[in-house]
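First the structure, in the form of structure tokens, and then the observations on it.
Every value quoted in this text rests on a predicted model; they were computed, and no experiment measured them. All chains are named by letter (A, B, ...) in the order of the sequence lines, taking the proteins before the strands, and each is independently numbered beginning at 1.
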Number of protein chains: 2
Amino acid sequence: MGNGKTGRITVRQIAEAAGLTIGSVSSVLNNKHVERRISPATVAKVRETAARLGYMPNINARRLRSGAESLNSVTLAVITSFEAPLTLVNHIIKAIRKAVDNERKNGSPYQFTVTIDMFNAGDLASVPGLLSGSHFNAAIITNTTPKDDHFLQRVQLPYPVVLVNRSVPGYPHVCEATDIGSRAADILVDHGRRKLAVLYGQPVTQVTHHRINSFMRQVYSRLGSTVQEIVADTLTERTAANAMRKCLEADAHIDGIYAVTDGMAIGAYHCIKQMGMQIPANVAVVGSGDYGFPALFDPPLATAGEDSIQRAESAVNLLMALIHQREIATTEIVTESTPQLRESLTGTRQPWSGFN
Amino acid sequence: MGNGKTGRITVRQIAEAAGLTIGSVSSVLNNKHVERRISPATVAKVRETAARLGYMPNINARRLRSGAESLNSVTLAVITSFEAPLTLVNHIIKAIRKAVDNERKNGSPYQFTVTIDMFNAGDLASVPGLLSGSHFNAAIITNTTPKDDHFLQRVQLPYPVVLVNRSVPGYPHVCEATDIGSRAADILVDHGRRKLAVLYGQPVTQVTHHRINSFMRQVYSRLGSTVQEIVADTLTERTAANAMRKCLEADAHIDGIYAVTDGMAIGAYHCIKQMGMQIPANVAVVGSGDYGFPALFDPPLATAGEDSIQRAESAVNLLMALIHQREIATTEIVTESTPQLRESLTGTRQPWSGFN
DNA sequence: CTGAAAGCGCTTACAG
DNA sequence: CTGAAAGCGCTTACAG
């Protein structure tokens, strides 16, 4: 079986095996046998042969052939590293869905298809169709590692691309401010914390690098002291909790922590509570608000600023503008946000503040 | 501009507008102008014309033409309601990624593409290609409403499909046990709770219906008493918190709650704490463990059983088996799980129990 | 350096 | 009831 090249069965091979023409085969396969008045015997033979040979239609050929629909079709890819939490990706998918609904309401001629491509951290280059543009018409790329960023810088992608929370020369992008970390430092210091630590996981991405650095710089500038670095092996909550525990067991004097991602913050919360300490009485915790959902935390997590949802929407809007070749004020967007002083820092309960 | 049917520009139209052949246009558009030794003037003209006309390549045609790759390509769709939390979808996507990696390692000839299709609750029928099979080769469908389930029952989809947590005659599916709710009832009653409530959101899906019903039946069977129903307007955490508040303000005697989804449980936690009550001292909470991530909760959430990840993996494995026409023991899988007695029920702290 | 042509796999009029 | 043929948009040998 097979066509000699890949083993994939085609309608032509079914037709040959069944002693029919491809037109009849196709009609049966599309359940058009009634209107085409195909004989029951032929229908049965086609179905049996297709099943026996393990026929799987070529979607690209089908869509190409189905005229108008095919012409309208635009494929958007969301490309993310497999290791990263899917929270940000969820925001992007929801933002796409929203934008696509808008397009339809405004009479856009396009029919959008959304695909998800995940790559192993550092292996962005392996995403099918990335260089050739043969798999999608436009892409949002996020959660890349420095190696991936470097790869992007060397190549040029032949379709509209928007990076989220990554800045690479030549690519439109939507990023948070690079001094988010310094705001975390400010609010911790302003609330009387003096022995500060930063909790982050590996690998350190571009955005976490900025968070960490601006935090450390600002702490030094405000207090003249250095920051203890607590480094988790991976980006998971579990390793964050483990790293925290090791640190707190060795040095109980830390009174304020900046957890550079909300995943890290969950680990920190878990560990601090398990060790019988109080947030913020013993240790204040400030996060980055990247999950966009403070109600997950008890006490509600103070953040250096929350803009994940806004960032996702900006990125999608920018991509749509690029696709439609609309006038664009800037292709380098920085989302703004202000620190959220919640109970994990202030100790003051704010009723019903957990939902945004 | 346009081809007169949909307005979509093709290489042919670029060629006409630029006074060239489509071969030259295609070569430039694919950055093959160096090896094809196209003159710089032609390159510039093609690029200018393509940009001016707003050319967007037809991905289906591209993939079809790119021979071998196209032949191998299999498109998997994850189809979910827009309203549902994306947590379960995340598990499915991760499970697909895992399965696809395995396929590759085992020398599968297929190259998989994953698409996400979201529909408004009740409007599954509007998913492009759902009936014709023109958009994907196989699908996992989840988070459907009863209306969607009814629609599925009336039609027949011409490709392999696996439903997750929905049972519709004629479709392979992977579901949790239908008596999960009774286990929640058992552990609450076993821990001395007598005034029980169930918290759920709308719309009530097939699986939540079973959770609610088996909970209420079992409570009646164990205690002879009825269950107070707390109904949130939607499936969001916020409306869950609001519904909880209204209920607790009216009747402070409830001492045990079954939150049928983890989203509902987050809302319940938030409300209970905001009202100054203790979990479980005043109110015990039991969830369904559908987020698959108890570390999100403080105190750790007791559940009637956790199997979201396992369910996602079973569903993907079943779909892969259907695609490959492997021998299948059963197409109706029920995932098993046992209740997790955590602090939100027992009040007993179990160190480092939050991560699974 | 460029043009004319074949053909990817499929569906659908159309002719019998 | 069935067969032969056109053609979706694209890429890529091939001939000049």
Checklist outcome for this item: Which of dG9(D), dT11(C), dC10(D) is nearest the side chain of N30(A)? It is dT11(C)
Item to check | Atom-to-atom span, CD of E35(A) to P of dC1(D) - whole angstrom | outcome: 14 Å
Checklist entry - Does D101(B) pair with R104(B) as a salt bridge, N-O distance under 4.0 Å? => result yes
Item to check | side chain to side chain contact (heavy atoms under 4.5 Å, CB included) between L76(B) and I323(B), worked out | outcome: CA-CA 10 Å; L76(B) 305 180; I323(B) 288 172; 3.6 Å; yes
Checklist outcome for this item: In whole angstroms, the gap separating C1' of dC8(C) from CD1 of I9(A) amounts to 16 Å
Item to check | Spacing between R65(B) atom CZ and dC10(C) atom C1', to the nearest angstrom | outcome: 15 Å
Listed pairs, N/O of protein and of nucleotides 2-4 of chain C, under 3.5 Å:
unit_1: dT2(C); atom_1: OP1; unit_2: S39(B); atom_2: OG; d: 3.3
unit_1: dT2(C); atom_1: OP1; unit_2: T42(B); atom_2: OG1; d: 3.0
unit_1: dT2(C); atom_1: OP2; unit_2: S39(B); atom_2: N; d: 3.0
unit_1: dT2(C); atom_1: OP2; unit_2: T42(B); atom_2: OG1; d: 3.4
unit_1: dG3(C); atom_1: O6; unit_2: R36(B); atom_2: NH2; d: 2.8

Checklist entry - Given side chains that start at C-beta, do those of V46(A) and H33(A) come closer than 4.5 Å, heavy atoms only? => result no
Checklist entry - Can you check whether K45(B)'s main-chain N or O pairs, donor with acceptor, with T49(B)'s side chain at less than 3.5 Å? => result yes
Item to check | Atom-to-atom span, CG of N58(A) to P of dG7(C) - whole angstrom | outcome: 18 Å
Next on the checklist: The side chain of L64(B) is closest to which nucleotide in this list: dC10(D), dC8(D), dC8(C)?
Outcome noted: dC8(C)
Checklist entry - According to a strict under-4.0 Å criterion, is Y55(A) in side-chain N/O contact with OP1 or OP2 of dG9(C)? => result no
Item to check | R166(A) side-chain N/O to D149(A) backbone N/O, donor-acceptor pair under 3.5 Å | outcome: no
Item to check | Presence of K32(A) side-chain N/O under 4.0 Å of dT11(C) phosphate oxygens OP1/OP2 | outcome: no
Next on the checklist: With a 4.0 Å cutoff (strictly under), does any side-chain N or O of R63(A) reach OP1 or OP2 of dC10(C)?
Outcome noted: no
Checklist outcome for this item: N31(B) CG to dT12(D) C1', in whole Å, measures 16 Å
Checklist entry - Should F119(B) and D148(B) be marked as a side chain to side chain contact (heavy atoms under 4.5 Å, CB included) after you check the CA-CA gap, both sets of side-chain angles, and the distance that decides it? => result CA-CA 10 Å; F119(B) 58 92; D148(B) 300 315; 3.3 Å; yes
Next on the checklist: Please verify the inter-ring angle class for H324(A) with Y110(A); under 30° counts as parallel, over 60° as perpendicular, anything in between as tilted.
Outcome noted: tilted
Next on the checklist: Assuming nearest nucleotide by heavy-atom distance, tell me which of I22(A) and A61(A) is located more 5' along DNA chain D.
Outcome noted: I22(A)
Checklist entry - N137(B) CG to dG9(C) P: how many Å, rounded? => result 14 Å
Item to check | Length of the line joining K45(A):NZ and dC1(D):P, which is rounded to integer Å | outcome: 14 Å
Checklist entry - Between I59(A) (CD1) and dC8(D) (C1'), how many Å, whole number? => result 16 Å
Checklist outcome for this item: In Watson-Crick or G-U wobble terms, with both distances under 3.5 Å, the base opposite dA15(D) is dT2(C)
